[in-house]
Amino acid sequence: MSEQALPIEAFHHHDEEGTRLGFWLFLFTELLLFGAFFIIYSVYRSSYLGDFKLAAESLNTTIGTVNTIILLSSSLTMVLSLDAIKRGASGLSKTFLLFTIALGTAFLVIKGFEWAAKFDHHLFLQTSNGIAAGKGSPLLNPGAEMLPPGQVLFFGLYFIMTGIHALHIIIGAVWMLIVYAWTARGSINKDNYGVLERCGLYWHLVDVIWIFLFPLYYLVA
Amino acid sequence: MTTQEQSQSARTPIIVFSALIFLTITTVLLSGLDVGDTGAIIVAMSIATIKALLVLTFFMHLNHEPLIFKLFVALAFVTLLTLFLLTFSDYSFRGM
Amino acid sequence: MNNNPASVFVDDVDFAFWFIAIVSLVFLIFITGFIIFSIIKYNKKNNPVPSNLHGHTGLEIVWTIVPTILVMLFFYFGLQGFLKMRNVPQKALEIKVDAGMWWWKFTYANGLEQNSAQGLTVPVDTPIFLPLHSVDVIHSFYVPAFRVKMDVVPKAAGQELNYTWFESSLVGDYDLFCAEYCGLNHAQMLSKVHVLSKTDYEAWYQSALVVQEQSQAESPGKALLSSKGCIACHSSDGSKLIGPSFKGLFGKRELVVTGGEEHEIVVDEAYLKQSIMEPAKDIVKDFPPIMPPLPLTADEVMQIIEHIKELSE
Amino acid sequence: METAGSQSYLSTHTSSRWNRGLLSWFMSTDHKRIGIMYGFTMFSFFGLAVCLGLLIKLQKLFPGSSGWEIIPPEMYGATFTLHAVIMIFLFIIPGAPAVLGNFMLPLQIGAKDVAFPRVNLLSFWLYCFGAIMAVVGILLGAADTGWTFTPPYSINTRSISIFGGDFDSISWMLTAVFILGWGTILTGINFIVTIHRMRAKGMTLFRMPLFTWSIYAASWIQVLATPVVGISLIMIVLERVMPIGFFDPTKGGDPILFQHLFWIYSHPAVYVMILPSMGLVSEIIPTNSQKPIFGYKSIAIASCSIAGVGYLIWAHHMFTTGMSDTASIIFSFLTFFVAIPTAIKVFNWLATLYKASITLTPGMLFALGFIFNFSIGGLTGMFLGSLSTDIHLHDTDFIVAHFHYTMFGGAAFGLIGGIYHYFPKMFGKMYSMKWAKASFAFMFVGFNSLFIPMFVLGFYGMPRRYQTYPDMPIFNHFQMASTIGSWILGIGVVLLLTTWIRALLSGEKTSEMNPWNSSTLEWQTATPPTLYNFEEEVEITRHPYDYETFREEVKKGTSIGATNE
Ligand code: HEA
Ligand code: HEA
Ligand code: CUA
Ligand SMILES: [Cu+2]
C-alpha cells in the first residue's frame, strides 16, 4: 500500500493473500452452515436409527458412488485449470474449466434423476396430503398412508441437504462461466488469477461437503 | 516458480486424485462389511476425514499457505467438533 | 432456613441463592467503593501526576484464583439442589399433567380429572410425581413457592415425557403459572396447587370422583368441554372470551372468514364438526385464528355438539 | 480542488460517480462514512424500540383485575417481539463493531480502510434491507414469537394480519434476521482480515489497542456462530411453508434441538454485544486516568478466552427444557468459567484507577457506570448459571433484569460512552458537557430504579412475557416502582439523543486532534480524519498505553496531545 494513487479504488487491494484469507473465512461460514445440518442429521439418526437405515436403503449406492467420482474428478480438473493459468496456458485453463462445468452439470443431472425417482415414490410428499402448510396435524387426514416419522425426517433432511448442496454446485458453475468469460477476455491471466483461485477454493469446499454427505446418506445404512 | 516445481505441481493432483478415488471405492466396499453400527460410522467418517484432508491440503493448497491459514482451518473444524460433542452431551444421555 | 418450607427444595435453592447473593454483594460493594474512592482520591485536582503502573503478576494471580474458587462453590451448591429435583423418590404419588393452549389438566390414578380452575390438589408431606404432557406447544409448569419449574414439551411419539416432582410440607394454596411463552393467553394460563392435610385429601379424593362421575353421566359433552380445556376460551353463558361463546350458538347466523373471504353461514352440525376438527378453516369474524386442533374421537365430537345444542335451547 | 490526500472524509468519499448529496453516503465505501451511517440508522431504531419498552412498562402498571389495558393481549406478544428484535438484531449486535469498530478500527491500527471496503458497504446495505424487512414484517402481521422463535409455537402460530388477509409475518421476520446475519458475518470477516493484514509498521499484535482486540474476538464469534442460527431460522421458514418437521413433534422432530441450535449462536452473541463495549471501556479508562491500563496482556487474552469459553455454555438457557441431566451439569459447570476472564477484566479496570489522575468526562462517567451495571448484570448471571437457582428463576423477571443489566446497562452504556468519547473526533464538533452529564445522571438513576425491582419480582415468581399478572401486593408495588424508573430513564434517553443532535446541528466546531490527551494512534490524525486516515505512513514504536513515553513525545513534538492542558 505504498502507492499514492488518488481515487479510492486504487488501493482496493493488491493484497492477494489477504483476499484469500477473507475467502477462507467465508468458507468457514459455509462449513458451519452445513455443520448445523450435520448436527441435526446425527441427532435424528441417533434417535431413529432403525428408520434411518430403512430409509437409506431406498437410496441407490451406485448412483451415489458415481456422483462422488464425478465430483472428485471435477475437483481435479479445477486444480489443473488453475495450474494451467499459473503457467500461462490460458487456453488449457479454459478447457479444464469447461470440463469442470460439464462434470458439475453431470452431477446435477444425475441428482435430478435421483430426486425425480424419489418424488415418484412419494417418499417426500406423502405426508403432506391435505395438510395445510406447516400447520397440520396428522389427525386431519387420517386416510393418508404415513411413513414413520423417522423416515420422514430422513427424507426431509436428504432433500434439504442435497438440495442446498446442489444450489452451491449451481452457484459454482455460474461462477465458473464468468471466470471462463474473463479468461477469454484476458482479464484473468498468468499474473492475475485470484478470481479463478477463489472459485476453485469454493468448488473444492463443495466437494469436501459432499465427501461427508455421501457416506452419511448412501453408506451407513 | 521453477520449471521443476511446475511439473511437480501438475503431477501431485493426479496422485491425490487417484488416492481419493481409491478411498471412495474402499469406503463403498467396506460399507458392505458388518462391523456393527458404530463401527460403520467410525470407518466411514474416518475415511471421509482423510479424503477431506487430502482435498484441503493439496487441492486447496493449504500446504503452500502460511501458518495462519492452517490455524484458522483448525479453529473452524475444532469449533464444529465441539458443537457436536456438546450437543451430544444432551442426546447421548436422554432418558437416563 | 424456614421452619416449615413450602416444599423440600426451598431450603436448597434459597441457600444457594443467598450464598451467591452475599458473595455478589460483597464484590459489588467493593467495586463501587473502590470507584468512588478513586474518583475522590485520584482525581485530577488531588493527584495531578499519575503513577505509571503497568501491571502486577501477583495481583493477577490472586484475582484469577479467588473468583475460580468462589464460582466452583456456586456450582456445587446449585448442583446439590438440582440433584434433589431430578431424583424422584420411589413411592411418589403420580398425577399426570396435561397442558394446552391455555389450560392445565391434572389426572389422578382413579381417573379423576381436574381443570385449571379446580387446580392441582395434593396431600401434604407426600412426594408428588408429575409427568408433563403437552398437546400443542411448549408450556412450563411453574410453582414459585415450591421452586419447581419444568417445561411441558410436546414430544414425538415414543419419546420420553418431561417430568418434575415436589413434596410440600405446608398446607395452603399456591400459585401455578405457565412460564414459557405460549401465545395469546400465556398470562392467563394460571392455576393453583392446593395442599391439603392427609385426611382432608382422602375425603376430597373420594368425593371429587363422585361429583365428576355424576356430571359426566348428566352431560358427557359438558364434561368434555371442561376436561379438554375448551372452556378456557369459550364461555357457556354468552360472555365473550377469546373464542365465540357456546350459548345460543347453534342455529345462529355468523359472519366467517375463509382464506380472506367473508361470507355468512348458519351454524349447524356440519359446521361445528368442521370447526372442531379443522379450526383454521373458517374463522368467525373478529376472532383471532388461534384455536389448535384437538385430538378428539368422532364420538366425543358428537357429544360436544349435543351439549352445544342444549346450550342453545 | 484539494488533493484527495488531504480531503476530509466529510467532503467526498466515494467513487467518482456518486459525489453529491445522500448518494455520496449510500454509495461510499469509506469506513468512516459507513460507521456514521450505521450510527444514525441504529440509533433511530433504538429510539423506536425504547418507546416500545416504555409501553411495555406502562402495561405492567396494571394487574389483570384492574381492567386497564395499554397494550391489548393480542398485541402484547408483537410488542415485546418487536422491542427485542430491534434491540438485539438491529441495535446491540451490530452495535459497537458497526459504528465505532468501522470508524475507529482502521485508525487504531494505522490502516487506510478496512480490507474489503466494498464488502463493508454491502454489509451496510444488507443491514438496512434486513432491518426494514424485519420491522415492516413484524408490524404488518404482529409476529409474536419473542426473539427466541421457539418452535413449535413459531411453526404453528399464524400471525394476526393487521390489514386482513394472509400475511406470514413470522417467515418475514425470520428471513430478515437471516439477512441481517449475513451482514454481520461479512463485517466480521472484514475486521479479521483487516487486523491480520493491514496493521501499520511496528503495530504488533500486542501493541494493538484493546478495542481492536475486543472487536477481533467478537468478529470470530460472528463468523463461526452466525451461520448455525441462520440456517436454523431458515428451517423454521421451510417448516412453515412445507410439510417437513425437523422441529415439529407431530412430525417426529424435536423442538429442543432448535433451542440448541438457536443458543449455539445466541449465547456467543451476547459476547458479541459486550466485548466491544468492554473494549471501549478499556480505551476510555486509561485515557481519562492518564496512565497505562493495568494488565494490558491479560485483558487482551481475557477477551479471546471469553469468546472461546462463550462457545461452550449455550445450553445454560435450557436447564428447564428437559434435556439430559448430564448436559445440564456439564453446561452449568462450564458456564462459571466465563466469569473468570470477566473478573480479570473488571479488576484490571479498577486497578487502572489506582493512583491515577482522573477526569470525569461524559465518556468516563458512562465507562464507570458500565462497570457498576455490568457487575450487577454479570453477577446475577451467576444465579442463572447455578442449576437449582436457575430452575426457580428461569423465565421470570429476574432474567429480564439480568439481560437488561448486561445489554443496556453494560453493552449500551459502553457504546454510549464510546460515542461520547469519540464524538469530537468523528464529527469535529463538541457537545455540551452539562447536557451530557445530565443525560448520564438520569440514565444511570433511571436505569437502576427500573431494573432492580425486577430482580425482586423475579425472585417472587413473576413470569416474563406476561401481558397481565395476578393482583398481589408484592407484584403491584414492585411493578409500580419499576415503571416509575422507566420514566426517569426515558428522560435520560431523551436528554442523550438531544445532546447529540444539538451538538451535530449547532455544536462548537473543533479541529483539536486529541481533546482527551489519549496515547493511542487514532488521535494522532486530523479531526475529522482525512480520506486516507493518515497523511504519511505511520510507524509504531511503543505500547499503546505507554503514557510516560507519550508525554515525552508530546514534549518533543513527535506526538500530539491535548492543546488546552
Ligand atoms: C450482553 C449480554 C449478556 C452478557 C454479557 C451475559 C453474561 C452472562 N450471562 Fe446472560 N443472558 C443474556 C445476555 C447476556 N448475558 C440474555 C439476553 C439472556 C436471556 C435470553 C432470553 O431468554 O431471552 C441471558 C440469560 C442468561 C441465562 C439463562 C437464564 C435462563 O433463561 O434460565 C444464563 C444462565 O446461566 C446467563 C448467564 C450469564 C453468565 C454466567 C454471564 C457471564 O458472562 C457474566 C460474567 C460477569 C461477571 C461474573 C461479573 C463481573 C465479575 C466480577 C464483578 C468479579 C467477581 C465475580 C465473581 C467472584 C464470580 N444468562
Ligand atoms: C439492548 C437491548 C434492550 C434494551 C436497551 C431494552 C430497553 C428496555 N426494555 Fe427491554 N428487552 C430486550 C432488550 C432490550 N430492552 C429483550 C431482548 C427482551 C426480551 C423479549 C422477549 O422476551 O423475547 C426485552 C424485554 C423487555 C421486557 C419484558 C417483557 C416481558 O417479558 O413481558 C420489559 C418489561 O419491562 C422491557 C422493558 C424495557 C425498558 C423499559 C427499556 C428501557 O431501556 C427503555 C428506556 C426508554 C424509555 C423509558 C423511553 C424513552 C422515552 C421516550 C423516547 C419518550 C419520552 C418519554 C418520557 C419523557 C417518559 N424489555
Ligand atoms: Cu402456556 Cu405459557
Ligand atoms: Cu447465555
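Just so it is clear: chains get the letters A, B, ... in the order the sequence lines come, proteins before strands, and each one is counted from 1. These numbers were taken from a predicted model, which means no experiment stands behind them.
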How about CZ on D:Phe206, more than 12 heavy atoms from neighbouring residues, nucleotides or ligands closer than 6.0 Å, or not?
yes
Whether the side chain of D:Thr326 engages the backbone of B:Asp90 through a donor-acceptor N/O pair (distance < 3.5 Å, no angle test) should be reported.
no
D:His196 ring center within less than 6.0 Å of B:Phe72 ring center
yes
Would you compute the distance between atom CG of D:Asp325 and atom OG of B:Ser89 and round it to the nearest 0.5 angstrom?
11.5 Å
Which one wins on heavy-atom pair count under 4.5 Å against chain B: D:Ile192, D:Val228, D:Ile256?
D:Ile256
Between D:Leu334 and B:Leu86, is any pair of side-chain heavy atoms under 4.5 Å apart?
yes
Neighbour count above 12 (heavy atom, 6.0 Å) for B:Lys70 NZ
yes
Salt bridge (charged side-chain N to carboxylate O under 4.0 Å, His left out) assessment of D:Asp254 paired with B:Arg94
CA-CA 12 Å; D:Asp254 179 6; B:Arg94 279 279 175 93; 3.4 Å; yes
Structural part of B:Thr79 lying under 4.5 Å from a heavy atom of chain D:
side chain
Side chain, backbone, both or neither: which part of B:Tyr91 has a non-hydrogen atom closer than 4.5 Å to chain D?
side chain
Heavy-atom pairs under 4.5 Å with chain B, option from D:Ile330, D:Leu261, D:Leu257 with the top count
D:Leu257
Neighbours of chain B found in residues 303-313 of chain D - heavy atoms under 4.5 Å:
D:Tyr311, D:Leu312
Considering only heavy atoms, which portion of B:Leu85 lies under 4.5 Å from any heavy atom of chain D: side chain, backbone, both, or neither?
neither
Report the residues that fulfil side chain to side chain contact (heavy atoms under 4.5 Å, CB included) with B:Ile25, sequence neighbours left out, ordered by chain and then residue number.
B:Ile21, B:Leu29
